[in-house]
Amino acid sequence: MDKLLNQLRYIKAGAICMFFALCSNLFKGDALVSWYAQLRLPSFTLPILYFFAMGFIFYIICGILLYKLFSEENNKNETVFLITLVVIMMAYYTIWDLVFFGLKSPMAGFFAYIPFTLFVFYIFYRFARLYPIISIVFLPFIGWLGYAFFWLISLWTLN
């Protein structure tokens, strides 16, 4: 029974992450090929494969966080709150794609990025207080957020 419950936690966490990843890709539409390819990119722009890899890592991080929370048996109110925050974070990530690629606007993408980044730091803070070890999974994405901040400013000024 415990093994089945554990598998269901994996499936639930994975399904939620896959849902948001699919939505995110749908919102990009053909803008990645038709619009993004036409932009003047900053000299420090990484190959597009890195952007896809970081998106994949983001959803892996969210899956790990959700699985941990689905496994939590203590402090149910805080657990439900943290699950909600992680789901909102994934929704916001998806909305950022809609703003950046849907509006085809580096400026709008930058201004949507600021509250998203602050929200990620808030979630990191909440996890670090309760689950210091598990909060380590945030670190690669937080590093990426720093790069993305300067990249978006540069992209905006170039276009």
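- Between F141 and I61, the shortest heavy-atom contact is CB-CD1, 3.8 Å.
- Put simply, CD on E72 and CG on L69 are 7.5 Å apart, with the number rounded to the nearest 0.5 Å.
- Remark: side-chain polar atoms of S135 are paired, donor with acceptor, to backbone N or O of P132 under 3.5 angstrom.
- When hydrophobic clusters are built by joining Ile, Leu, Val, Met, Phe, Trp and Tyr residues whose side-chain heavy atoms come closer than 4.5 Å, directly or via intermediates, L139 is grouped together with V137.
- The shortest heavy-atom contact between L66 and A13 is CB-CB, 3.9 Å.
- The aromatic rings of F116 and Y92 are tilted relative to each other, their planes meeting at an angle between 30° and 60°.
- Not less than 6.0 angstrom separates the ring centroid of W156 from the ring centroid of Y113.
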Practice item. Verify side chain to side chain contact (heavy atoms under 4.5 Å, CB included) between I48 and L32, making sure each step is shown before the conclusion. Key: CA-CA 10 Å; I48 197 72; L32 195 58; 4.1 Å; yes

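- Between Y122 and F119, the ring planes lie tilted relative to each other; the angle falls in the 30° to 60° range.
- Linking ILVMFWY residues whenever their side-chain heavy atoms come closer than 4.5 Å, directly or via other members, leaves L152 and L158 in distinct clusters.
- The shortest non-hydrogen separation linking P106 to K104 is CD-O, 4.1 Å.
- W144 contributes atom CH2, which lies 9.0 Å from atom CD1 of I57 (distance to the nearest 0.5 angstrom).
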Exercise for review: With side chain to side chain contact (heavy atoms under 4.5 Å, CB included) as the test, would you mind laying out the steps for I95 and F27 before giving the verdict?
Suggested key: CA-CA 8 Å; I95 290 167; F27 289 149; 5.9 Å; no

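- Cluster membership for F56 and W96, using ILVMFWY side-chain heavy atoms within less than 4.5 angstrom, is shared.
- How far CG of L4 is from CZ of R9: 10.0 Å, rounded to the nearest 0.5 Å.
- Put simply, the side chain of L82 does not reach to within 4.5 Å of the side chain of V86, judged on heavy atoms.
- Residues F58 and Y93 bring their aromatic ring centres within 6.0 Å.
- Closest non-hydrogen pair, L103 versus A108, comes out as CD1-CB, 4.0 Å.
- In this pair, F110 and F149 present their aromatic rings tilted. The plane angle is within the 30 to 60° band.
- Of the inter-residue distances, the one linking L85 atom CG with F127 atom CZ reads 8.0 Å to the nearest 0.5 angstrom.
- Between Y10 and Y67, the two ring planes are parallel [angle under 30°; tilted spans 30° to 60°].
- Ring geometry for F100 versus W35: interplanar angle over 60°, hence perpendicular rather than tilted (30 to 60°).
- The two residues R40 and L155 come nearest to each other via the heavy atoms O-CD1, 3.5 Å.
- More than 12 heavy atoms of other residues, nucleotides or ligands shown are found within 6.0 angstrom of OH on Y147.
- V80 and I134 fall into different hydrophobic clusters, defined by Ile, Leu, Val, Met, Phe, Trp and Tyr side-chain heavy atoms under 4.5 Å apart, directly or through other members.
- With values rounded to the nearest 0.5 angstrom, Y59 atom OH is found 15.0 Å from I64 atom CD1.
- Summarising the geometry, atom NZ belonging to K28 is positioned 10.0 Å from atom CG belonging to L26; distances are rounded to the nearest 0.5 Å.
- When hydrophobic clusters are built by joining Ile, Leu, Val, Met, Phe, Trp and Tyr residues whose side-chain heavy atoms come closer than 4.5 Å, directly or via intermediates, F52 is grouped together with F44.
- In this structure, I142 and F124 approach most closely via the heavy-atom pair CD1-CG, 3.7 Å.
- Within 6.0 Å of the CG atom in L118, the count of heavy atoms belonging to other residues, nucleotides or ligands exceeds 12.
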**Study point:** side chain to side chain contact (heavy atoms under 4.5 Å, CB included) evaluation trace for T45 with F51
**Key:** CA-CA 10 Å; T45 299; F51 289 82; 4.2 Å; yes

Exercise for review: Under the side chain to side chain contact (heavy atoms under 4.5 Å, CB included) rule, what do I123 and F138 come out as? Steps first, then yes or no, please.
Suggested key: CA-CA 9 Å; I123 295 171; F138 269 102; 3.4 Å; yes

